[in-house]
Amino acid sequence: MTVTTDRDGAIATVTLRRPEALNALNGNQLNALLAVATTLSADVSVRAVILTGEGQRAFAAGADIKEMAEMDPVQALAFTRLGHAVASAISGAPQPWIAAVNGVALGGGCELALACDIRVASQNAAFGQPEVMLGVIPGWGGTQRLPRLIGAGVASELILTGRRIGADEALRIGLVSAVYPSEELLGQATAIARTIASNAPGAVQAAKRAMAVVHDTDMAAGLAFEAQAFALSFATADQKEGMAAFIAKRAPNFTGS
Ligand code: DAK
């Protein structure tokens, strides 16, 4: 199995398992990841997903260069569409995905992390979009998601030079939200996932959807979307429960209804 899923209550951990190639992503692995993401999206008992790579060296060292090397443009288009489908399955999933970047996240590996809602990294993590050094460009959303996340100037410098950065710089430019010692990374990612899972599921999902609209619309339409989603949350039992629990000074018991 090149992609595995472990469940711990409401949290699913998805692991890329091709350590002999530093978890480089080939067609088989992308199809497996797409199937996993689709299955998890349909499972209402999953409230947060962690994505990581097997071993200490790599989250994912990119698209599989050996598989790409001989592609013609038609095959390249299919490959890029498959990568887009995987990234969209993650970014469009109802539940938040957390990338626990445990080593290199280069090229397609970085783009996979960019598709997640939250990124945390180990101290030995490294990020980069080195595609121009291989004669191609980022093909799984990097030219679109990286500028949106960290700003056009810094994204341009990274994508046009192919420069690799370490975890501390990734933290400074907002590419990741926290850096931990390697041995603490999964525990810390799980703690974030548990916190998310303890919140009202419908509210978490609506907040994720509302934030995604930022990329597709202007301010006025985005605020209109937010207003509708906010109003709709008052139709849920979890809204009544959350506010009643606050007033009663007790912990809420969210049911997802
Ligand atoms: N693809 C295939 N195999 C890879 C790989 C990759 N991206 N990265 C590493 N490996 C393999 C190595 O070939 C080696 O395998 P063997 O030779 O032992 O069989 C094994 O993993 C261990 O790697 P190294 O021996 O190189 O390990 P080191 O510690 O010396 O170096 C490294 C680690 C991460 C610095 C180095 O492996 C490296 O530079 N890897 C390549 C990183 C990279 O350039 N990644 C970006 C790939 S390009 C598109 C679609 C998609 C994309 C673009 C366009 N369209 C269709 C338009 C995306 C492109 C990319 O992601």
Side-chain angles (χ1 to χ4, degrees), residues 1-3 14-35 37 51-91 97 99-116 119 121-150 154-170 173 175-176 179 182 185:
M1 294 281 274
T2 56
V3 180
V14 176
T15 307
L16 305 171
R17 294 195 187 279
R18 215 182 150 220
E20 68 284 1
L22 301 183
N23 301 320
L25 299 152
N26 60 17
N28 282 344
Q29 200 173 26
L30 285 171
N31 277 309
L33 187 52
L34 183 58
L51 177 63
T52 194
E54 181 177 351
Q56 299 294 318
R57 296 177 65 199
F59 176 75
D64 189 319
I65 298 169
K66 294 166 188 168
E67 192 170 275
M68 277 192 298
E70 299 303 326
M71 283 181 185
D72 61 29
V74 173
Q75 293 167 320
L77 184 60
F79 197 52
T80 199
R81 282 181 173 156
L82 179 56
H84 282 169
V86 171
S88 296
I90 292 171
S91 65
W97 280 58
V101 179
N102 55 310
V104 293
L106 299 172
C110 188
E111 290 169 301
L112 206 52
L114 288 171
C116 293
R119 283 150 295 282
S122 59
Q123 280 164 343
N124 70 326
F127 297 81
Q129 298 286 169
E131 286 88 344
V132 292
M133 300 163 88
L134 295 162
V136 293
I137 71 167
W140 293 341
T143 63
Q144 304 305 303
R145 289 194 175 93
L146 193 61
R148 283 171 161 90
L149 182 67
I150 65 171
V154 183
S156 293
E157 190 254 314
L158 291 179
I159 288 176
L160 300 180
T161 63
R163 184 169 70 89
R164 192 185 304 183
I165 62 171
D168 289 343
E169 185 170 353
I173 65 175
L175 181 49
V176 301
V179 176
S182 289
L185 177 66

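Atoms within each ligand, like the ligands themselves, are counted from 1 in listed order.
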Peer 1: Does Gly83 have a heavy atom less than 4.0 Å from any atom of ligand 1?
Peer 2: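 Not so, Gly83 does not reach ligand 1.
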Peer 1: Which ligand 1 atoms are under 4.0 Å away from a heavy-atom of Gly62?
Peer 2: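 It comes down to these atoms of ligand 1: 61 (O).
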Peer 1: So for ligand 1, is Glu111 a polar contact partner (N or O within less than 3.5 Å, distance only)?
Peer 2: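 The answer is no, given that Glu111 and ligand 1 share no N or O pair closer than 3.5 Å.
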Peer 1: Between atom CD1 of Ile173 and atom CD1 of Ile150, what is the distance when rounded to the nearest 0.5 Å?
Peer 2: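 Reported value, rounded in 0.5 Å steps: 4.0 Å.
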Peer 1: Is the shortest distance from atom 30 (O) of ligand 1 to a protein heavy atom below 4.0 Å?
Peer 2: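 Flag for atom 30 (O) of ligand 1 set to false, no protein heavy atom closer than 4.0 Å.
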Peer 1: Within a reach of under 6.0 Å around CD of Glu20, are more than 12 heavy atoms found that belong to other residues, nucleotides or ligands?
Peer 2: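 Yes, enclosed.
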Peer 1: Looking at ligand 1, does Arg164 have a heavy atom less than 4.0 Å from it?
Peer 2: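 It does; at least one heavy atom falls under 4.0 Å.
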Peer 1: Among Leu106, Leu30, Leu22, which one has a heavy atom closest to atom 23 (O) of ligand 1?
Peer 2: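 It is Leu22 that holds the nearest heavy atom.
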Peer 1: Could you list which atoms of ligand 1 come closer than 4.0 Å to a heavy atom of Pro130?
Peer 2: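 Result: 43 (C), 44 (O), 45 (N), 46 (C).
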Peer 1: Number the atoms of ligand 1 from 1 as they appear, then name those within less than 4.0 Å of a heavy atom of Ala21, with their elements.
Peer 2: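 Matching atoms, with element in brackets: 4 (C), 9 (C), 10 (N), 11 (C), 21 (O).
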Peer 1: State whether any protein heavy atom lies less than 4.0 Å from atom 42 (C) of ligand 1.
Peer 2: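 At least one protein heavy atom is under 4.0 Å away.
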Peer 1: For ligand 1, is Glu20 a contact, meaning one of its heavy atoms is under 4.0 Å away?
Peer 2: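 Glu20: in contact with ligand 1 (<4.0 Å).
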Peer 1: What protein heavy atom is closest to atom 28 (P) of ligand 1, reported as residue, atom name and distance in Å?
Peer 2: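 Answer for atom 28 (P) of ligand 1: Arg57 NH2, 3.5 Å.
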Peer 1: Can you sort out which atoms of ligand 1 are near Glu131, meaning under 4.0 Å from one of its heavy atoms?
Peer 2: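 Numbered from 1, ligand 1 contributes 58 (C), 59 (C), 60 (C), 61 (O).
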Peer 1: Report the distance from atom CG of Asn26 to atom CG of Asn23, rounding to the nearest 0.5 Å.
Peer 2: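 Separation between the atoms: 10.5 Å.
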Peer 1: Ignoring hydrogens, what is the shortest heavy-atom contact between Ala24 and Asp64? Give both atom names and the distance.
Peer 2: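 Distance-wise, the nearest heavy atoms are CB-CA, 4.2 Å.
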Peer 1: Measuring from atom CG of Leu146 to atom CD of Glu111, what distance do you get when rounded to the nearest 0.5 angstrom?
Peer 2: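 These two atoms lie 9.0 Å from each other.
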Peer 1: Which is closest to atom 53 (C) of ligand 1 in terms of heavy atoms, Thr80, Ile137, Asp64?
Peer 2: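 Looking at heavy atoms only, Ile137 sits closest to atom 53 (C) of ligand 1.
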Peer 1: To which protein heavy atom is atom 50 (C) of ligand 1 closest, and what is the distance rounded to 0.1 Å?
Peer 2: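 Answer, as residue, atom name and distance: Trp140 NE1, 3.5 Å.
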Peer 1: If you have a sec, work out which protein heavy atom is nearest atom 19 (O) of ligand 1 and how many Å separate them, to one decimal?
Peer 2: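 Result for atom 19 (O) of ligand 1: Lys66 NZ, 3.3 Å.
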Peer 1: I'd like to know if Met71 contacts ligand 1, where contact means a heavy-atom distance under 4.0 Å to any ligand atom.
Peer 2: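 No, Met71 has no heavy atoms under 4.0 Å from ligand 1.
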Peer 1: For atom 56 (C) of ligand 1, what's the nearest protein heavy-atom neighbour? Residue, atom name and distance, please.
Peer 2: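 In this structure, atom 56 (C) of ligand 1 has Ala76 O, 3.0 Å as its nearest protein heavy atom.
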Peer 1: Which of the numbered atoms in ligand 1 are below 4.0 angstrom from a heavy atom of Gly107?
Peer 2: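 Those atoms are 46 (C), 61 (O).
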Peer 1: Would you mind checking which non-hydrogen protein atom is closest to atom 8 (N) of ligand 1, with the distance to 0.1 Å?
Peer 2: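 For atom 8 (N) of ligand 1, the nearest protein heavy atom comes out as Ala61 CB, 3.5 Å.
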Peer 1: I'd like to check which ligand 1 atoms, numbered from 1 as shown, lie under 4.0 Å from a non-hydrogen atom of Leu134.
Peer 2: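 Under 4.0 Å from Leu134, ligand 1 has these atoms: 44 (O), 47 (C), 48 (S).
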Peer 1: Atom 37 (O) of ligand 1: protein heavy atom closer than 4.0 Å?
Peer 2: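 Yes, at least one protein heavy atom sits under 4.0 Å from atom 37 (O) of ligand 1.
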Peer 1: When you measure from atom 58 (C) of ligand 1 to the protein, is at least one non-hydrogen atom found at a distance under 4.0 Å?
Peer 2: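 True for atom 58 (C) of ligand 1.
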Peer 1: Do protein heavy atoms approach atom 25 (O) of ligand 1 to less than 4.0 Å?
Peer 2: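 Given the 4.0 Å limit, the answer for atom 25 (O) of ligand 1 is no, no protein heavy atom qualifies.
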Peer 1: Checking the N or O distance criterion of under 3.5 Å, is ligand 1 in contact with Gly108?
Peer 2: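 Right, the criterion is met.
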Peer 1: Nearest protein heavy-atom contact for atom 49 (C) of ligand 1: which residue, which atom, what distance?
Peer 2: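 For this ligand atom, the closest protein heavy atom is Gly139 CA, 3.7 Å.
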Peer 1: Run the numbers for me: atoms of ligand 1, each under 4.0 Å from some heavy atom of Ala24, listed by number.
Peer 2: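 Answer, ordered by atom number: 1 (N), 2 (C), 5 (C), 6 (C), 7 (N).
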Peer 1: Checking the N or O distance criterion of under 3.5 Å, is ligand 1 in contact with Ile65?
Peer 2: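 Among all N and O atoms of Ile65, at least one is under 3.5 Å from an N or O of ligand 1.
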Peer 1: For Phe79, is at least one N or O under 3.5 Å away from an N or O on ligand 1?
Peer 2: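 Between Phe79 and ligand 1, no N or O pair is found under 3.5 Å apart.
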